[in-house]
*Asks:* 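So that we are looking at the same thing, I have put the structure below in structure tokens.
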Amino acid sequence: MGKLADKTAIITGAASGIGRASALLFAEQGARVFIADRSEAVREVAAEIGDAAAAFIGDAGDKTFIDGLVAAVTAHGPLDIAFANAGISGGMNRLLDLEVSEWEEVLRVNLIGAFLLVQASAREMMKAGKGAILCTASVAGIRSGAGGSPYSASKAGVINFVQTSAYQLSGTGIRINAICPGVIETGMTQPMFDMARERGTEGKIGQLNPLKRAAQPIEVARLAAFLVSDDASYVNGQAVAVDGGLSASHPVVPGKIW
Ligand SMILES: NC(=O)c1ccc[n+]([C@@H]2O[C@H](COP(=O)([O-])OP(=O)(O)OC[C@H]3O[C@@H](n4cnc5c(N)ncnc54)[C@H](O)[C@@H]3O)[C@@H](O)[C@H]2O)c1
């Protein structure tokens with residue numbers, strides 16, 4: 001049996017990219033996956049997985065949708081795993097041009113969306129005295145250089161929210177962690193990859209990390225599957241980077257220091 005055998009998991013943002021890869025991997029490892037996305041394409045992911053999956057269409061930043069999703073899942077049994085992964089980049093508008101509405105939408109989806117799933121899941125998991133929660137943050141939440149200011153601030157917020165939540169959930173048996181992906185080829189970053197391939201500069205993507213490449217969603221999904229599994233039973237309140245080593249260094253001119 002797989003490492004997630006008999007576990008029930010909710011994953012948001014599962015129609016594409018990291019969420020989709022995680023849904024496929026969690027199911028392969030034995031979990032029943034309840035996958036949510038605002039895109040209808042999540043139904044195709046559920047169909048690909050088969051009987052172990054059910055799809056829900058809705059907005060991860062909407063309390064009514066998330067509460068309804070958690071209620072629908074827990075009506076059939078306990079919830080073991082919640083993965084708040086849905087997110088938007090919000091574009092790269094510069095500081096002097098940014099509108100309040102851009103901040104509001106990015107924070108609503110990326111940060112409040114994480115809060116909604118964490119809160120609703122934790123309430124249910126407390127009944128069983130155990131559970132594993134995971135949130136997708138980003139290297140953008142660690143320092144500058146990987147997204148616009150609302151996006152980076154939202155992901156820094158997710159990291160901090162995970163840290164405070166680990167303590168808010170003291171004594172409940174629930175673990176909560178974050179993952180911080182670097183450059184991953186997904187729906188969110190596809191335009192950058194497409195443009196680079198068109199220009200013949202694909203090799204430059206990821207050139208600043210020591211592995212000198214971007215990653216595929218499955219490489220993030222494997223970390224996610226570990227963190228929500230019992231193998232990570234003592235990992236709590238952490239933000240784990242999956243970025244080829246990018247966030248391990250201050251920025252340096254390649255070749256000048258070593
Ligand atoms: N791709 C990267 O390089 C990268 C790096 C760091 C962090 N991340 C984070 O990874 C997570 C997954 O993104 P991805 O890279 O797989 O991109 P993606 O665009 O391929 O997948 C994101 C999914 O989230 C869904 N979504 C967006 N807003 C939603 C909402 N309000 N309600 C429901 N679903 C919504 C989208 O429809 C999409 O299916 C995001 O939180 C993103 O910020 C991505």
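Only a predicted model underlies this, so the values are computations on that prediction, with no experimental measurement involved. Every number for a ligand or one of its atoms is a count from 1 in the order of the listing.
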*Asks:* Determine the minimum heavy-atom distance between Ile57 and Glu40, stating which atoms define it.
*Replies:* CD1-CA, 3.8 Å

*Asks:* Say whether, by atom type as modelled, one donor and one acceptor occur between the side chain of Glu102 and the main chain of Glu99 under 3.5 angstrom.
*Replies:* yes

*Asks:* Salt bridge or not between Asp37 and Arg20? Use side-chain N to carboxylate O under 4.0 Å.
*Replies:* no

*Asks:* Out of Ala36, Gly87, Gly19, whose heavy atom sits nearest atom 22 (C) of ligand 1?
*Replies:* Gly87

*Asks:* Would Arg20 count as a contact residue for ligand 1, given that I'm defining contact as a non-hydrogen atom of the residue lying under 4.0 Å from a ligand atom?
*Replies:* no

*Asks:* Answer yes or no: is there a donor N or O on one side and an acceptor on the other, between the side chain of Thr12 and the main chain of Asn85, under 3.5 Å?
*Replies:* yes

*Asks:* Taking the side chain as every heavy atom from C-beta outward, state whether Phe26 and Val228 have any atom pair closer than 4.5 Å.
*Replies:* yes

*Asks:* So, 4.0 Å and heavy atoms of Pro217: is ligand 1 close enough to count as a contact?
*Replies:* no

*Asks:* Report yes or no: does a heavy atom of Ser89 sit under 4.0 Å from some atom of ligand 1?
*Replies:* no

*Asks:* Taking heavy atoms and a distance under 4.0 Å, where does Ile88 meet ligand 1: side chain, backbone, both or neither?
*Replies:* side chain

*Asks:* Please confirm whether Ala21 comes under 4.0 Å of ligand 1, counting heavy atoms of the residue only.
*Replies:* no

*Asks:* Quick one: which of Ile205, Val109, Thr186 has a heavy atom closest to atom 17 (O) of ligand 1?
*Replies:* Thr186

*Asks:* Considering only NZ, NE, NH1 and NH2 on the basic side and carboxylate oxygens on the acidic side, decide whether Lys127 and Glu124 come within less than 4.0 Å.
*Replies:* yes

*Asks:* So if I count the atoms of ligand 1 from 1 in the order they appear, which ones are less than 4.0 Å from some heavy atom of Gly187?
*Replies:* 18 (P), 19 (O), 20 (O)

*Asks:* Would you indicate which of Phe193, Tyr151, Phe65 comes nearest to atom 8 (N) of ligand 1 when only heavy atoms are counted?
*Replies:* Tyr151

*Asks:* As a check for students: among Ala137, Ala140, Ala114, Cys135, identify the option with a heavy atom nearest to atom 7 (C) of ligand 1.
*Replies:* Ala137

*Asks:* Can you tell me if Lys3 uses its side chain to pair, donor with acceptor, with the backbone of Ser229 under 3.5 Å?
*Replies:* no

*Asks:* Going by the closest heavy atom to atom 40 (C) of ligand 1, which one wins out of Val183, Asp62, Asn85, Val220?
*Replies:* Asn85

*Asks:* Using non-hydrogen atoms of the residue, decide whether Thr12 is closer than 4.0 angstrom to ligand 1.
*Replies:* no

*Asks:* Output yes when a side-chain donor or acceptor of Asn110 lies under 3.5 Å from a complementary backbone atom of Ser154, and no otherwise.
*Replies:* no

*Asks:* Considering only the protein, which heavy-atom contact is closest to atom 38 (C) of ligand 1, and what is its distance?
*Replies:* Asp37 OD2, 3.5 Å

